[in-house]
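Beneath this line is the structure, given in structure tokens, with notes to follow.
Chain identifiers are assigned alphabetically (A, B, ...) following the order of the sequence lines, protein sequences preceding nucleic acid strands; residue numbering begins at 1 within each chain.
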Number of protein chains: 6
Amino acid sequence: MRPSGRAPDQMRSIAIEPAFTIHAEGSVLVSFGNTKVLVTASVDEKVPPFLRGKGAGWVTAEYGMLPRATHTRGSREAAKGKQSGRTQEIQRLIGRSLRAVVDMKKLGERQIIIDCDVIQADGGTRTASISGAWVALRLAVDKLLAAKTISEDPIVDKVGAISCGIYKGTPVLDLDYDEDSVAEADGNFVLTGKGQIVEVQASAEGATYDEEGLLRLLRLARIGCTEIFAAQDKATGR
Amino acid sequence: MRPSGRAPDQMRSIAIEPAFTIHAEGSVLVSFGNTKVLVTASVDEKVPPFLRGKGAGWVTAEYGMLPRATHTRGSREAAKGKQSGRTQEIQRLIGRSLRAVVDMKKLGERQIIIDCDVIQADGGTRTASISGAWVALRLAVDKLLAAKTISEDPIVDKVGAISCGIYKGTPVLDLDYDEDSVAEADGNFVLTGKGQIVEVQASAEGATYDEEGLLRLLRLARIGCTEIFAAQDKATGR
Amino acid sequence: MRPSGRAPDQMRSIAIEPAFTIHAEGSVLVSFGNTKVLVTASVDEKVPPFLRGKGAGWVTAEYGMLPRATHTRGSREAAKGKQSGRTQEIQRLIGRSLRAVVDMKKLGERQIIIDCDVIQADGGTRTASISGAWVALRLAVDKLLAAKTISEDPIVDKVGAISCGIYKGTPVLDLDYDEDSVAEADGNFVLTGKGQIVEVQASAEGATYDEEGLLRLLRLARIGCTEIFAAQDKATGR
Amino acid sequence: MRPSGRAPDQMRSIAIEPAFTIHAEGSVLVSFGNTKVLVTASVDEKVPPFLRGKGAGWVTAEYGMLPRATHTRGSREAAKGKQSGRTQEIQRLIGRSLRAVVDMKKLGERQIIIDCDVIQADGGTRTASISGAWVALRLAVDKLLAAKTISEDPIVDKVGAISCGIYKGTPVLDLDYDEDSVAEADGNFVLTGKGQIVEVQASAEGATYDEEGLLRLLRLARIGCTEIFAAQDKATGR
Amino acid sequence: MRPSGRAPDQMRSIAIEPAFTIHAEGSVLVSFGNTKVLVTASVDEKVPPFLRGKGAGWVTAEYGMLPRATHTRGSREAAKGKQSGRTQEIQRLIGRSLRAVVDMKKLGERQIIIDCDVIQADGGTRTASISGAWVALRLAVDKLLAAKTISEDPIVDKVGAISCGIYKGTPVLDLDYDEDSVAEADGNFVLTGKGQIVEVQASAEGATYDEEGLLRLLRLARIGCTEIFAAQDKATGR
Amino acid sequence: MRPSGRAPDQMRSIAIEPAFTIHAEGSVLVSFGNTKVLVTASVDEKVPPFLRGKGAGWVTAEYGMLPRATHTRGSREAAKGKQSGRTQEIQRLIGRSLRAVVDMKKLGERQIIIDCDVIQADGGTRTASISGAWVALRLAVDKLLAAKTISEDPIVDKVGAISCGIYKGTPVLDLDYDEDSVAEADGNFVLTGKGQIVEVQASAEGATYDEEGLLRLLRLARIGCTEIFAAQDKATGR
């Protein structure tokens, strides 16, 4: 029995609210239950140094957690003077996940910077970030297409992400904080709209798992991503 | 004529939405027009080292701006590894403003940490932060009183803040970004519910001003704070 | 009765000793009683990135306090690896105050960097810094004019600064440390030679104040600045 | 055809040389072909703050790459003043992998710190680090057991790690740098001696992959880990 | 012929002005010609962690250069966020030099912190710092003795320092900046009042030197230190 | 009697193993007894900013100590976010020592970066680093000569370094950790193949020393360097 009363393969309610803020080229507030992340996509007409003059673009991401997004207040990374290893790990994952579905040549020599800031945390902030970030990216690219800044759509597929884990011996979908903090195994799965795998990160916590366990988590992830892709379609009006 | 069409002494619409997030002891989303700040108040049962064992509490504040809260994306302070001088100046002002209306002995040996994170910026983020922070503080203190953790209310008055400035020769109330960026003078006024001055920070920008100018700004600030205090009352249900 | 025995509107003795060091284009040792600040003005033929190619100059300031300038030793900011919020707040104020009286077009595309280093502190270090910095700036600009590097004087007026506060209920001029540490209100006023206001920063400390209090502090500041302007004239030989 | 001429399921030659340095409680030089990592295990009789007084131990890891371990010199992290996101991601993975096979209660309230320093890099430094780190940990724990500092062996199983990826369409085992830099997918698998999964991290690079691809990589990883466990046995003399 | 017209074994004029600032337990302004360093000695009743509870004291030093102490402005270390290698090297030398003449048991479990801040630089700032620091230390210790905080004098000898170098083939004493910047060899010698060597640091710059060269520099250093010890006596009134 | 049983003028066994790693233009593992340092020389076709366009090259060095190179684990500088003063002092010494024997014009506008990483420490890491670094530099320059990137040999002499000290009253050569930690005086001597002095750094520790002591240490250093030069010849096959 899950603390929330959900069935093992039941997601929390998902919402992706587009145009949540006014300045960014793309912006959404993505909610997976009580987990809420504000994601913006900013178009920057410069690329990082290693790409200059190569005719290709880049997509990168930064992630942050507001100090009191969590049950007890965490210290502010800007005040401490550095980003934690966890933060860096997450923002690298978000960037890789989005780049897997973007044709950098078609994007042209410009960068899209994704900012994921967690307003409220209840487990699954990195997967909510990725799922919402794809919509923010889509909105920003749509503006570039509408303005004819670019002529061909560089986004080749959707991308969504969800966490699954083994909770009290049962594989469950979309862990919330109460489950996440005691799960025996915890995996993050990033899938494309066509069902291909972009990234799997599955860690044992306390107990190790076997191949069958990995596959069961992956199957749950497919269920979850189907729902995420529907929410993305709704947010982008497609 | 103001870009927004407002009268010189007309505020933007103000809203202070209480209980905006679930974990913090106090939290609000404060909006002054398009300026939106998420403020949380966190109770910490420890005080800073210089106050240990003295039987008195403390109120402090941290401030941050999400990278794309602004027209063009700013760099993330956590990634740069330090808070800007502007950020530090603002968070010091917020802390001082709140401490001016709190009786630290009655608060007891505990600290309340205010986090002001700007979701969307359109001028006046520091004054919106102070005005919202007072409500978040009020909500957190109400919980301490309800739980009988403290027995007497340590908050001795309300505090509100508003910016006023001289725009194209005319003193105007509650500058938005379009005005702020070209104003000849720009002042931030922090007032108590009883009308006392907590802090005045008024800077010439391009043109200096005289005593009469300062007084006209202060009078506008009184008009604005009256409206802010009403919004605070509404948010706290008093 | 003030600890120093001064009348409420009586300044400490002021001295601005020009050419205190040999390398800087402008340098002074400014003393307000026991507060002593070494100020240098350095001409840099480059401007900050945001001004490049615009034909306008810049004036900026840095501030520091020697570790044992104070009653008890403070930690060295260079060793701690960052400047405090207080330091940044002060150096931003010094820069703004000087820029208010400089015509950047006439200065041409070059920067003047003001360094204010407090040798000995007894209250009022930021206002002494501003008052001395103007002389260092004047001396450096005079060299540029003498060398015909610039043809028109970019300095449009004098600028001086003084602190005033409410000490045991009485508005007093030029607070020293003994007064500053217990004052109910504390304000820093930056005025031009023509009597215009450049900046007012007035904070309640323990007690709030009203409009009449603010005006009384401002009137004291005018008295103080008259004396400062005379000391500036003496230092520059005008 | 692999650049090295190896068969798809063929490892590079592995060596784990124990007691490589004299001071550490455990130390090895681990080589996977030209990838060479010096790993030490240091026993520290203190635990991190969050574990104090709980009677349980901790295992943590730090990772570094000597500046010229690579084809072209990278900058020294100590000189830059921060560890890269990649470094932090790797050291967190090493720590998690080892903790999965340690009974912290049996270790007692002490910490074992693993340092993995890459002397020479040719792909697979993180998996070589984990595989060697287990031996260094084993050696250090053996000393604690021999000295009767602890009475029961806290290590419950072996742990090994290997990278697999899809290179020119073919799943291959133990990627070297030439393969790693162009692989379509790249996975790191951490397995226990009993064949359980500790961690899977598999990322698409340029091309996404499907469930079958993931399973084929996992099967290769099992082949590789069998060889690693043999090398670990040889190094520890069991 | 030296640029200054001095004879090879001629020092610049030295002055050590005691009690230059009012707050520090010991303070001097030391001048070696145009090189001017403000040195303070601060008594701290705590020792560094590695000495706690051992009944012995400590003497340490910090060094800084005001940004415009030099011909062209250097960047402020506090603003850059770190001390340069040169700064750290110098402050370590100052600390070692002073500790060589202090009996730490007699000092008792307290620390004396020396701050050397260069007001104006013209070569030899580290040796002027050491020579002045000894006087500041002497003054601070005299206060501890006068207050009977300590009963026996922990200072066992004087210590002075001077630079010597080979300039255009000739060994010369007390290099100023014009000489220092082109000298073939440059040495810093720290000697005790009894003529013992505390530290020799002699570097070839452009040309190497031989044993005879080293000895000639050392002999010049003895001449210089005799003069320094006399200036120290004069400053302390002994 | 020395702890190691060595005669006062007896070195530990020295080995300089060339081509220890495969990527660097020059690389050695240098051992002085149990002190082992991995040194690489990397050719960088860019020079530091202050040398651009001047037609001259540069040689610089960085130094690091692996955390468990020592008896007890030290903290990792990359994790702490800064290099210690000791580290910076040592890497500056290594760079100066090598530059003393290189003709920068003949090297051409390129930089050689020396990395010295201590694998195992038992006293004398900085002198072993310098002695090994010369060989790594020689090997890298030989490649530049062989590739006809440069036409004339820029290395004008060998350079070696050794520590000597006064241990229980006796001057001894090549201090190991047991001696170093209790020596009354400790000197590092850097000499050229022709016997010239590049640098002397001799510090009293606990006891001061006299001119005769300095000369005796220097004479021991000459004995040691003779042996070092032979090891260098052997490593470079000359």
*State the OG1-CD distance between F/T40 and D/Q120, to the nearest 0.5 angstrom.*
11.0 Å

*Out of curiosity, F/F20 CZ to D/K36 NZ, how far, rounded to the nearest 0.5 Å?*
7.5 Å

Heavy-atom distances under 4.5 Å only: say whether [X] touches chain D with side chain, backbone, both or neither.
X      : result
F/I119 : both
F/D44  : neither
F/D117 : side chain
F/S42  : both

Interface residues of [range] facing chain F - non-hydrogen atoms under 4.5 Å apart:
range                       : result
residues 60-83 of chain D   : D/E62, D/Y63, D/G64, D/L66, D/P67, D/R68, D/A69, D/T70, D/H71, D/R73, D/R76, D/E77, D/A78, D/A79, D/G81, D/K82, D/Q83
residues 84-111 of chain D  : none
residues 133-154 of chain D : none

*When heavy-atom pairs shorter than 4.5 Å are enumerated against chain D, which of F/D115, F/T21, F/L38 gives the highest number?*
F/D115

*Do side-chain atoms of D/H23 reach the backbone of F/D122 as a donor and acceptor pair under 3.5 angstrom?*
no

*asked:* My understanding is that only residues two or more places apart in sequence, or in another chain, count here; which of them pass side-chain hydrogen bond (donor to acceptor under 3.5 Å, both in side chains) with D/D178?
replied: none

